[in-house]
There are 2 protein chains.
Amino acid sequence: MPKKKTVEPDITTEEKIKEAARKVFLQKGYAATRTRDIAEEAGLNLALLNYYFRSKEKLFEIVMMEKVQKLFGVLAPILNDNSTSLEKKIELAATNHIGMLMENPDLPLFVMSEIRNNPERFAGKIQAVKLIQESHFVKQLKEKRPDINPLHFVISLLGMVLFPFIAKPVLQEAGSLSVKGFQSMMEERKALVPIWMKALLKTR
Amino acid sequence: MPKKKTVEPDITTEEKIKEAARKVFLQKGYAATRTRDIAEEAGLNLALLNYYFRSKEKLFEIVMMEKVQKLFGVLAPILNDNSTSLEKKIELAATNHIGMLMENPDLPLFVMSEIRNNPERFAGKIQAVKLIQESHFVKQLKEKRPDINPLHFVISLLGMVLFPFIAKPVLQEAGSLSVKGFQSMMEERKALVPIWMKALLKTR
DNA sequence: GCCACTTTTAATCATTTGATTAAAAGTTTT
DNA sequence: AAAACTTTTAATCAAATGATTAAAAGTGGC
């Protein structure tokens, strides 16, 4: 039953603005986004944006934190599961991460760029990476291969998974990859990355 | 001997502007850069920028093309050398590319972001990627491992090399990596990437 | 030293942009 | 239905920004 209003709208004005902001910020980045773009996308008056969120920057921070969480959030539970093997973690991480990214292909480049463009704002606010470094996954890795710097391995795994999505615009603009072609490659990659990452574990 | 002037300045006004533009665009990206930032960085009048380059956009395109060339230019001669083995190419590509990137760590994220933000402008203008796909390296790879999609392998190699530099701001802002720490890791990685990429070639 | 040409400067424009304001419309409480 | 509060709108502001202009300063040829 409705809480306050006679007729509670299925989507509030506040949520409409956020949704538009998610879309426009992700597409154009903070600097190139005009508050008017967001208002127009939401089909609302520009002043409403400031009424609900005070400023472009405040709205951006909300969206940005969501995106960071989305980008790394999938990994934490997988890499911290005490009941799975190292190999299984690699499989799950690759498959699930790639799956999520296929639905949000712009996510990695967006997050990396915006942190790059305004590092101070996010200093210390990103626990995701530290969470990975202290994960059960890293413990298992240290045990199996004490000679390998875990950060090198994690960066390589993340690179295998994230980099194709970061390079996507370049590959496509170079004309060497169609939208369909990219999709099917990423589907293949779900199986390929685990095979290749496990091969790294066997190097002597 | 000088061509025109009595005293040819060791650095021309035009080059001063370009140099400032390289620095500011690379640091802040196109959208966040003000033409005044560039003029100030160059220690020159704002109008001079338009006198020499007509517009912010024209100046940017010049800088951007330089950066794309710098980012991929190292690879072309290495991957197209008919006299080296597949393994040697991997070694040289990794070592030289990482070496260059250690001196230009912002390059990958800058290029990827700007192409992302304005794909139309660069459509077809990037032959670098196509050059890699038709390289001697890819031919050798097809011969050795006809079962591997070369693009998967190239993306993985590029990811191993470029991704650490793309993730650098995140890693550093997460507080998990100092400037010194990053430097020494990248030095290690020059040797590590070849070992690991060769391991991929041996997967069955 | 004068003339044509290039380079540089200071001042100014027209637009764009993030934000505010004051009033109108809508809703809830009494 | 009157009062109190919230939400929405249209109009407007001040600052920032890319670009232009007209005049000044500098340079080389004669």
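Note on naming: letters A, B, ... go to the chains in the order of the sequence lines (proteins, then strands), and numbering restarts at 1 for each one.
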Once each nucleotide of nucleotides 11-25 of chain C is scored for protein heavy atoms under 4.0 Å, what B/S/- sequence comes out, 5' to 3'? ------BBBBB----

Starting at CG of Leu48(B) and ending at P of dA25(D), how long is that distance when rounded to a whole Å? 16 Å

When rounded to the nearest 0.5 angstrom, what distance separates CG in Leu109(B) from CG in Asn117(A)? 7.5 Å

When you compare the side chains of Ser176(A) and Lys130(B), does any donor N or O come within less than 3.5 Å of an acceptor on the partner? no

Nearest-Å distance for atom pair NZ/C1', residues Lys58(B) and dA19(D): 12 Å

Please give, in whole Å, the distance from dA16(D) P to Lys28(B) NZ? 13 Å

Those residues at least two apart in sequence (or on a different chain) that pass side chain to side chain contact (heavy atoms under 4.5 Å, CB included) with Leu92(B) are Ile78(B), Lys88(B)

Taking the six-membered ring of Tyr52(A) (Phe, Tyr or Trp), confirm whether the NZ or CZ of Lys58(A) is under 6.0 Å from its centre and within 45° of its axis. no

Is the count of non-hydrogen atoms from other residues, nucleotides or ligands lying under 6.0 Å from Glu188(A) atom CD greater than 12? yes

